[in-house]
Amino acid sequence: QMSMTYDIAKALTANGFAKTGYTFTRWNTKADGSGSSYTNGQSVKNLTATDGATITLYAQWTANTYTIKFAGNGSTSGSTAQMSMTYDIAKALTANGFARTGYSFNGWNTKADGSGTSYSNKQSVKNLTSTNGGTVTLYAKWKINQYTLTVKPNGGTWNSTSSNSTFTQNYNSTKTIANPTAPAGYKVTFNGN
């Protein structure tokens, strides 16, 4: 609050307010910004001619903007375009465009090691940072692909059993299996030999 005298110019008190996710832009005589505008610290006079009147100036705010970047985090191909965001406005994340051989995409995370906040592909998000001009990086999360290996002794024995055995294996992992024993009158061959 400041006191004014008619016909004497005075600099407006500097803005001391803050609003998370927004930047102060100016003062205005109307809360919706449709009145007379004044810059921070502007020299003003004669805002009213009425003795003892009170004039209220309302802080005007602009929503901060920031960028979301996407990191492949071990991807072997592809890219994902960054996106611009405005504070308090939700948007769907850009669809993942990265690929990683032997892995399936498993969402995004604010930390490369997956210990931060997670988001699904194309999830609607808002307010990932309140910093004007800031950048948030989301890292691709990957789940290793698995496959099933079934050993069929086909009348012989393998690992002391004549039953089929099934194992689940991760991509690019090795499973050592013992040689099977052929049924009587047969020999064991691999690769058609």
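Keep in mind that this is a model prediction, so the values were computed, not measured.
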If you round to the nearest 0.5 Å, how far is CD of Gln146 from OG of Ser173?
8.5 Å

Tell me whether Tyr139 is reachable from Tyr103 by hopping between hydrophobic residues (I, L, V, M, F, W, Y) whose side-chain heavy atoms are closer than 4.5 Å.
no

Heavy-atom closest pair (Arg26 atom, Gly33 atom, distance to 0.1 Å) is NH2-O, 4.2 Å

Verdict with reasoning, Asn127 to Asp88, per side-chain contact (heavy atoms from CB on, under 4.5 Å)
CA-CA 6 Å; Asn127 303 348; Asp88 274 343; 3.0 Å; yes

Would Thr137 and Phe70 satisfy side-chain contact (heavy atoms from CB on, under 4.5 Å), going step by step from the backbone distance to the final call?
CA-CA 6 Å; Thr137 301; Phe70 299 92; over 6 Å; no

State yes or no: are the ring centers of Trp27 and Tyr58 separated by less than 6.0 Å?
no

Contacts of Asn172 that satisfy side-chain hydrogen bond (donor to acceptor under 3.5 Å, both in side chains) - sequence neighbours left out:
none

Closest heavy-atom pair, Trp108 versus Leu138, reported as atoms and distance to 0.1 Å, is CE3-O, 3.8 Å

Where Thr101 and Thr76 come nearest, the two heavy atoms and their spacing:
N-OG1, 3.1 Å

Shortest non-hydrogen contact from Ser75 toward Trp142:
CB-CZ2, 3.9 Å

Stepwise side-chain contact (heavy atoms from CB on, under 4.5 Å) test for Leu57 and Leu12:
CA-CA 10 Å; Leu57 297 180; Leu12 292 172; 3.7 Å; yes

Side chains of Asn28 and Ser37 only: does a donor on one sit below 3.5 Å from an acceptor on the other?
yes

Taking all non-hydrogen atoms of both residues, which atom of Asn109 and which atom of Gly114 are closest, and how far apart?
ND2-O, 3.1 Å

From CA spacing to verdict: side-chain contact (heavy atoms from CB on, under 4.5 Å), Lys45, Leu47:
CA-CA 6 Å; Lys45 69 178 182 176; Leu47 297 182; over 6 Å; no

Compute whether any side-chain donor of one residue and acceptor of the other, for Ser124 and Lys91, lie under 3.5 angstrom apart.
no

